[in-house]
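Encoded as structure tokens, the structure appears first; notes follow it.
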Amino acid sequence: MSVRVFASSQSWIESDAVDQCHRVAALDGMRHVAGMPDLHPGKGAPIGAAMLSSVLYPFLVGSDIGCGIAVFPIKLKRPNLERLAARFPDLDRALTPDDELWPDEIPADHPESLGTVGRGNHFVELARVDEVMQEGRVGKGDLVLIVHSGSRGLGESILRAHTEVHGAGPAADPAAYLEAHDQAVRWGSLNRRLMAERVAHALGAATAEPIVDECHNFVEVRDGLYLHRKGAARGIGNDVLVAGTRGTPSYLVAGHAGAEANFSVAHGAGRKMSRSDALRRNKAKHTVTELRRTAVGSLVVCGDRQLLFEEAPTAYKRIEQVIGDLVAHELATPVAVTIPLVTYKTRDR
DNA sequence: ATGTCC
């Protein structure tokens, strides 16, 4: 069926990703595929796409069901970057039941890895609001915690249970898949809150409710159809944090996407290079020192050198271009710009 | 993406 990619001629969109959109569009029951300006190739399914179908395909959401980005206001007296980076808690170590932050109820009875950030493009970032275009959410100079993480092993186990029997085929029992899926979505959201609390505690600050918490890997049942989002967020009257990179700004935007965009907006800058390309090219281009102290003066806590190269800002598209495309196609309008101060990736070496 | 494929 129909495919529409919301990008301009100057935008970097790999043909492989567009090909994937057309392959998805040819699936049984597919009504419409909307590619966001951060579209890039994924494993089988494109990343940065919203796919509307009468048939539910778990592989279109992928393994990290419930992955999303939340923004929490935080107040700190006088932020000293080195001191703050050193005080970030170990978010590779899971919470335990004797921890004071341990929740009373855990969705899906999945206590493993609760409170951990994971790897890949996940991060917890202390950032400063640098510019405000629309009043009412955050003020210039405010500090926020941006948490990008998902359901860790839980979503992976849900997809694997399906894939082992049905591969890339449709969900045999959509209601059963959706029940497990919804638990992973709740687990992911709880996990982001717990991480914000862990960091706020460690930095001696109070915790606040998130001003934004939007998933970008999930299924929404809409008018009896399944709207699969993979690296795409809801954009219908809600705000979304569109993540830049570890070393460039991020944008809080107000989404107002229509049916052509499957009611969705981009979730980030989007990869420009595969992980293997980024590792090879950035090893030649950068030192770990300059990747740990970025061009905007922020610090990156990342003990894993390989991950540092894979996640270098040059591995991603320009966030300004992605936001420009959202605005040009009237999918969203900018609310505020944040600049990273300290980004936590992993303590592990 | 993932208690990580060898």
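Reminder, nothing fancy here: chain letters follow the sequence lines and each chain counts from 1. Note: hydrogens, waters and symmetry copies are ignored here, and every other heavy atom, side chains too, is used.
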I'd like a table of donor-acceptor pairs (distance under 3.5 Å, sequence neighbours excluded) in which one partner is a side-chain atom from residues 177-187 of chain A, with atom names and distances.
from, atom 1, to, atom 2, distance (Å)
A:His181, NE2, A:Val219, N, 2.9
A:Trp187, NE1, A:His110, O, 2.6

Quickly work out the A:Asp92 CG to B:dA1 P distance and round it to whole Å.
15 Å
Distance under 6.0 Å and angle within 45° of the ring axis: does A:Arg222 meet both against A:Phe263?
yes
Would you say B:dT4 has OP1 or OP2 under 4.0 Å from some side-chain N or O of A:Arg119?
no
d(CG, A:Leu307; C1', B:dA1) in whole Å
12 Å
Taking the six-membered ring of A:Phe123 as reference, does the cationic atom of A:Arg246 (NZ for Lys, CZ for Arg) lie under 6.0 Å from its centre and within 45° of its axis?
yes
Length of the CZ-C1' vector between A:Arg229 and B:dA1, whole Å
20 Å
B:dT2 C1' sits how many Å from A:Glu156 CD, rounded?
5 Å
Could you state the CZ-C1' distance from A:Phe59 to B:dT2, rounded to the nearest angstrom?
19 Å
Atom CZ of A:Arg160 and atom C1' of B:dT2: how far apart are they, to the nearest Å?
9 Å
Please answer: with hydrophobic residues joined when any side-chain heavy atoms are less than 4.5 Å apart, are A:Val296 and A:Val300 in the same cluster?
no
From CZ of A:Arg152 over to C1' of B:dG3, roughly how many Å is that when rounded to an integer?
9 Å
Please work out if A:Gly120 contacts a base, only the sugar-phosphate, or nothing of the nucleic acid, heavy-atom cut-off 4.0 Å.
sugar-phosphate
Just call it for A:Gly42: base, sugar-phosphate, or nothing, with non-hydrogen atoms closer than 4.0 Å on any strand.
nothing
With respect to the phosphate group of B:dA1, does any side-chain polar atom (N or O) of A:Arg275 fall under 4.0 Å of OP1 or OP2?
yes
To the nearest angstrom, how far is A:Asn191 atom CG from B:dG3 atom P?
11 Å
